[in-house]
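Taking it in order: structure first as structure tokens, then the write-up.
Below, read A as the first sequence line, B as the second, and so on, with proteins coming before strands; counting in each chain starts at 1.
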2 protein chains.
Amino acid sequence: MSGIQGTPPRSTGEVGGRARGSGVQSIDRAVTILRCFGPRSPELGISEIARTTGLSTSTTHRLLASMQHNGLVRQVAERRYALGPLLVQLAGSGAFPASLRDAALQAMRELRDRSDETVGLHELLASNKRAVVDQAESHHALRRTYTELGEPIPLPHGAPGKAILAFVPWEVSAEVLGEPIEAVTPATITDPDELRAELERARADGFAMSFSERTPGIHTVAAPIFDNRARVVGCLSISGPEVRMPRARVETLSIDVKRAAWQVSEVLGATGEAVRRCREHAAPSSADR
Amino acid sequence: MSGIQGTPPRSTGEVGGRARGSGVQSIDRAVTILRCFGPRSPELGISEIARTTGLSTSTTHRLLASMQHNGLVRQVAERRYALGPLLVQLAGSGAFPASLRDAALQAMRELRDRSDETVGLHELLASNKRAVVDQAESHHALRRTYTELGEPIPLPHGAPGKAILAFVPWEVSAEVLGEPIEAVTPATITDPDELRAELERARADGFAMSFSERTPGIHTVAAPIFDNRARVVGCLSISGPEVRMPRARVETLSIDVKRAAWQVSEVLGATGEAVRRCREHAAPSSADR
DNA sequence: AGATGCTATCCCATATTACGGGAAAAACGA
DNA sequence: TCGTTTTTCCCGTAATATGGGATAGCATCT
């Protein structure tokens, strides 16, 4: 700890505790610094940053100066730094997938190829319904095909709707659950309490299932997609005929859908923590109910 | 050009042509790479990046690997890179000024202190009107004071409205200009053609003036504020009594308002190029009119 | 007011880190 | 199939970034 020599050997790296070997130290460190900023601490001083990152103040100062020069951070006041305009610039530059469709395209293909069942992309509409916005069709002769692209569908019908409904803010789900549910197949869940329990389960598992609830003979798994503001924006689903989709397979596939949906969420800038917040806001804990 | 020696001295720096001395080379270079991505080229290969930045492919490869590791870029396909999720994450993390007010606060104070006249912050509403959302008052005994905070005001009335109207998409301004304009003072511009000419001028100059057009005895300069999607979101204004605000001073102050408004725009992530696009979209060139 | 931390900034000798060339490997196009 | 372009890997080199220390500016406590 004590500086005996003029210049002791530098620490071998390791700033934030992440694994070694990413290549360029300065970039790691710069990102570590950027990560210090958050909703809880939108502004930071140099030594504050130095302490949380474990860097020396000299280094922190130099990095910050360079980052400021490049617009990664800005000096919001004397001895006060905040995230810089470059980030918002790039985020809004149009270089990002403008639509959910673009963001999901690749993941959908992969998911379809892995399962060889039809993959659906569903989007939450402002009207608190959902619409199928894209599909990647299975190659089987007998397969699910979405003919109703863009058509608004009530959230309580089918796995995709349930996957979305489970993560929507509770004010919204309360509103949706307040209205009577039309039975479109014999298996449709019409009892609000039963649906509530189903949603609770979906929230815990991170996916929802449907066995002929909306279309007779079709079984579906769906997992939600989040954006960078921690809101559900839609979901991915795998659908197929009941002959190929017994409960066991549906449950197996749930792992793949979840992974794929999460992959899309990441592209949209979602973070684990953000989703946690979302989950909490969707289910007012038993405390305040 | 020919590699005579084993390792010739490295170029003295200078990647993108920007001035020297920012401090940390790797950060400069990383940002230069990030800047390569844009609406025109959302995906790039390594050698493509190396060519546009002037870096060697080795260096580019190493930097990219590190940036990918940190989420600054992502590999969208084999040999295809795009901007990474970290950017959207940080941009949406809530560490940014949530409101126009927050973003403008500092600039407003500075502008007020420099001019010692009342500075107003105006926001474009969805209803195609504007509202005063904040003010920094002059210290003079005789000064402009906004009493109507939050009140919707038609865009054709006064300098702030004109500054906004001049940069709004032309569909919108066409709609606003289609309706009759109520005269609220003798100086109000009610002739659509006259207003159109005025807007054209404001678009060219980057600011708008008003001499008792909305409130008798008050002269105002205003300059627009843009966001990271290149949309006008509002404007800053300086207002004062006519005795202190002859045309000459108004014109002088226009420089300060413009600078301050631009400063706010930058905080919101606006870029020069984005604003150029905005300007073009606001004024369909004589070609297509 | 004076004293005492704390923070930001600057400078410098040092060697660690990142550099670019070159070559192999892999993908692409013909 | 072969030639070309692009990506990846390795390595010796020195340029680059590093951390310590010193200075000066603030804020808080006594």
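In this structure, CZ of A/R80 is placed 16 Å from P of D/dC26, rounded to the nearest angstrom. One can place CG of B/L64 at 16 Å from C1' of D/dC9, the figure rounded to the nearest angstrom. Distance A/L44 CG to C/dT7 C1': 14 Å, rounded to the nearest Å. Summarising the geometry, the separation between CD on B/Q25 and C1' on C/dT16 is reported as 15 Å, rounded to the nearest angstrom. At whole-Å resolution of the value, CD in A/E43 and C1' in C/dT7 are 16 Å apart. We find that CG of B/L55 is positioned 16 Å from C1' of D/dA15, with the value rounded to whole Å. Residue B/I46 contributes atom CD1, which lies 13 Å from atom C1' of C/dA26 at whole-angstrom precision. Rounding to whole angstrom units, CG of residue B/D28 and P of D/dA15 are separated by 18 Å.
The side chain of B/R62 has C/dC19 as its nearest neighbour among D/dT7, D/dT18, C/dC19. Between D/dT8, C/dA18, C/dT9, one nucleotide has an atom nearer to the side chain of B/Y81 than all others, and that is D/dT8. Listed candidates were C/dC10, D/dT8, D/dT18. Nearest to the side chain of A/H61 is C/dC10. When distances run from any side-chain atom of B/S47 to the nucleotides C/dT9, D/dT7, C/dG21, the shortest one goes to D/dT7.
Look at B/R276 and B/E280 and you find a salt bridge, because one of the NZ, NE, NH1 or NH2 atoms lies within 4.0 Å of a carboxylate O, short of that distance. Taking a cutoff of 4.0 Å between a charged side-chain nitrogen and a carboxylate oxygen, B/E117 and B/R143 do not qualify as a salt bridge. Contact check on A/E43 versus A/R74 returns no salt bridge, with no Lys/Arg side-chain nitrogen under 4.0 Å from an Asp/Glu carboxylate oxygen.
Between B/T57 and A/S26, the residue anchored closer to the 5' end of DNA chain C is A/S26, taking for each the nucleotide with the nearest heavy atom. Remark on DNA chain C: of its neighbouring residues A/I27 and A/E48, the 5'-side contact belongs to A/E48, judged by nearest-heavy-atom nucleotide.
A/R51 comes within contact range of the sugar-phosphate backbone alone, with a heavy-atom separation under 4.0 Å but no base atom that close. Heavy atoms of A/S58 sit under 4.0 angstrom from at least one base atom.
For C/dC19, one of the phosphate oxygens OP1 or OP2 lies less than 4.0 angstrom from a side-chain nitrogen or oxygen of B/R29.
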Residue pair A/Y146, A/H122: steps toward the ring-ring contact (aromatic ring centres under 6.0 Å, His included) verdict = CA-CA 11 Å; A/Y146 287 103; A/H122 312 257; 5.6 Å; yes
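Listed here is the closest heavy atom pair of B/V133 and B/E123: CG1-OE1, 3.4 Å.
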